[in-house]
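Everything on this sheet refers to the single structure shown next.
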There are 2 protein chains.
Amino acid sequence: MNVSNAYPLRADAQRNLERILVAAREAFAEGGLDVGVEEIARRAGVGKATFFRRFPTKEALVHAVYEGFVIEVEESVDRALQEDDEPLAALRAFLRHSMTTQAGNKAFFEAVASRFVAPVELTDRVMAAIARVMAPAEAAGALREGVEAGDISTATKMLGAAIRPMDGLLLPEAAWDRYLDVVICGLSADQAPLPGVAADPCAMVREVSAKSV
Amino acid sequence: MNVSNAYPLRADAQRNLERILVAAREAFAEGGLDVGVEEIARRAGVGKATFFRRFPTKEALVHAVYEGFVIEVEESVDRALQEDDEPLAALRAFLRHSMTTQAGNKAFFEAVASRFVAPVELTDRVMAAIARVMAPAEAAGALREGVEAGDISTATKMLGAAIRPMDGLLLPEAAWDRYLDVVICGLSADQAPLPGVAADPCAMVREVSAKSV
DNA sequence: GAAAAGACGGACCGATCGGTCCGGTTGTGC
DNA sequence: GCACAACCGGACCGATCGGTCCGTCTTTTC
């Protein structure tokens with residue numbers, strides 16, 4: 001985000017900026033998006049004022065970290081597309097990876113759970129990545145009629161909810177596949193078609209984001 | 001909870017207590033569990049101190065309201081059990097009703113999403129109700145092998161997550177059945193059995209609750 | 001109808017959070 | 001090596017939240 005800005009930062013400032021980003025990723029991963037700015041600055045070995053000199057608001061930092069998540073998603077799709085033994089393999093690998101990431105990174109989980117309004121540009125990138133990862137299954141006719149990108153996005157939310165039965169508690173990995181199985185199975189072909197799509201969640205997200213600018 | 005206490009409250013105190021409970025239910029339904037105590041007291045036409053005279057802490061109020069939710073769940077199961085056209089009907093009706101309630105009541109949604117640690121006694125009641133509502137389907141062999149009460153509880157969480165694509169946004173009702181279909185379908189028989197249960201979420205919930213007492 | 005038990009609410013407290021200010025420090029270009 | 005701009009961080013601010021205090025008012029009881 002600000003890492004390579006218009007005119008170059010002084011060396012120490014650049015170093016501190018990077019430290020802040022690293023510290024924020026760590027702190028958010030452990031404690032979720034509610035971790036305070038002071039704690040992040042402390043971890044970065046920096047004063048609170050220094051933080052606010054680089055990021056106008058805490059929200060800006062959250063967006064910067066969120067962009068990292070989007071990149072992770074895109075890379076996850078690239079990796080998932082490698083395995084093409086069977087039509088649904090890539091989609092399954094993607095969803096499974098999403099569970100792992102949400103489990104190990106509380107902020108990622110909260111981001112998926114939409115604890116904040118993400119910039120449109122970034123949600124668009126996520127949707128594009130999802131479209132890529134579901135393409136093989138779609139082409140092979142392995143997907144239930146009516147399943148679309150927004151549904152896969154929703155599936156990641158549902159799976160995230162599944163592996164966190166209560167606040168602060170995380171289901172052991174061995175139990176995750178139960179839910180992944182249920183969802184994959186519900187998304188597979190050879191079922192009655194899904195009811196018609198009455199609304200496009202992505203469009204609504206776009207609308208809300210635009211309104212909040 | 002405190003409504004009918006050990007020794008009788010004075011008439012005005014009893015009236016105010018009821019007003020507080022009603023106001024809390026409304027306020028929580030609209031704004032979620034983060035609504036402040038002051039706002040609730042204001043809605044009840046009462047001072048903040050009066051609130052804290054009846055409830056030792058805000059958490060106590062949340063638990064009282066949560067007990068109301070548990071009763072709603074139990075009633076919902078009673079109603080769902082009426083419709084027995086086909087084996088899965090009751091379960092489906094129950095999950096559908098849970099979606100409606102979560103949609104119309106932000107606090108209920110957050111309670112399902114486990115935004116707080118509920119008392120063991122109440123989570124036990126929820127689990128018992130779920131066991132009742134899934135019994136017909138189970139008896140008819142309509143459930144996939146390995147599906148148990150904890151999975152239905154998780155299903156309500158997943159469906160709650162599905163209908164709220166982002167903070168403050170609610171999917172229109174017409175789109176809900178898509179996800180209900182996916183989940184019901186994944187829970188139905190005639191699929192490969194679910195992977196073995198490595199952990200019992202309910203037991204873990206019980207453990208965590210005990211620790212926090 | 002008066003006294004005492006109980007309830008009332010607004011003012012107050014301490015902790016926390018996002019965000020700002022300012023006097024001292026440090027990297028950088030000449 | 002010097003001067004200046006850029007940078008630094010701790011102290012500070014205002015808002016908010018859960019929770020308490022205390023002087024006043026209401027209900028109950030005899």
Side-chain angles (χ1 to χ4, degrees), chain A residues 2-24 27-28 30-66 106-107 110 115-117 167 212, chain B residues 2-24 27-28 30-66 106-107 110 115-117 167 212:
Chain A
N2 276 337
V3 179
S4 59
N5 220 346
Y7 76 102
L9 290 174
R10 228 170 67 175
D12 51 348
Q14 177 71 26
R15 196 177 54 236
N16 281 337
L17 170 55
E18 279 154 17
R19 272 191 198 161
I20 289 171
L21 270 174
V22 169
F28 283 156
E30 291 171 22
L33 296 172
D34 283 338
V35 171
V37 168
E38 189 140 29
E39 161 77 10
I40 292 169
R42 201 184 51 70
R43 283 190 186 224
V46 143
K48 208 169 26 164
T50 299
F51 171 87
F52 282 106
R53 215 167 288 116
R54 290 305 147 234
F55 298 92
T57 130
K58 180 184 174 179
E59 195 188 8
L61 170 69
V62 171
H63 283 177
V65 171
Y66 184 74
K106 199 173 172 195
E110 291 180 353
R115 282 281 310 279
F116 68 98
V117 177
D167 188 46
S212 75
Chain B
N2 276 337
V3 179
S4 58
N5 220 344
Y7 74 104
L9 289 174
R10 231 170 67 175
D12 50 348
Q14 178 70 26
R15 196 177 54 236
N16 280 338
L17 170 55
E18 278 153 19
R19 272 190 197 161
I20 288 171
L21 270 172
V22 169
F28 283 154
E30 292 171 20
L33 296 172
D34 282 339
V35 171
V37 169
E38 188 141 29
E39 161 77 10
I40 292 169
R42 201 185 50 72
R43 283 190 188 224
V46 142
K48 212 183 356 179
T50 298
F51 171 87
F52 282 105
R53 215 166 289 118
R54 292 301 148 237
F55 298 92
T57 128
K58 180 183 174 180
E59 195 187 9
L61 170 70
V62 170
H63 284 177
V65 171
Y66 184 73
K106 199 173 173 196
E110 292 181 352
R115 280 282 309 280
F116 68 100
V117 177
D167 188 45
S212 77

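No experiment lies behind these values; they were computed from the predicted model shown. Naming convention: chains lettered A, B, ... in sequence-line order (proteins, then strands); numbering from 1 in each chain.
- When the salt bridge (charged side-chain N to carboxylate O under 4.0 Å, His left out) test is applied to A/R10, the partners found at least two apart in sequence or on another chain are A/D12.
- If you measure from atom CZ of A/R54 to atom C1' of D/dC8, you get 10 Å, rounded to the nearest angstrom.
- As rounded to whole Å, 14 Å separates atom C1' of D/dT28 from atom CZ of B/R15.
- Evaluation of the side-chain hydrogen bond (donor to acceptor under 3.5 Å, both in side chains) rule for B/R19 yields no partner, not counting sequence neighbours.
- Residues meeting the side-chain hydrogen bond (donor to acceptor under 3.5 Å, both in side chains) test with B/R53, sequence neighbours left out: none.
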Show me the protein contacts with nucleotides 28-30 of chain C, counting only N or O atoms at under 3.5 Å.
from: C/dT28; atom 1: OP1; to: A/A11; atom 2: N; distance (Å): 3.3

Completion exercise
For nucleotides 9-20 of chain C, 5' to 3', base contacts (B), sugar-phosphate-only contacts (S) and non-contacts (-) with protein non-hydrogen atoms under 4.0 Å give BB-------BBB
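- Every residue meeting the salt bridge (charged side-chain N to carboxylate O under 4.0 Å, His left out) condition with B/K48, not counting sequence neighbours, appears here in chain and number order: B/E38.
- Between A/F116 and A/H63, the angle of the ring planes lies from 30° to 60°, which puts this pair in the tilted group.
- Checked against side chain to side chain contact (heavy atoms under 4.5 Å, CB included), B/R115 has the following partners two or more places apart in sequence or in another chain: B/L33, B/D34, B/E110.
- Applying the side-chain hydrogen bond (donor to acceptor under 3.5 Å, both in side chains) test to B/E30 and every residue at least two apart in sequence or in another chain returns B/R43.
- For A/R15, the salt bridge (charged side-chain N to carboxylate O under 4.0 Å, His left out) criterion is met by no residue, not counting sequence neighbours.
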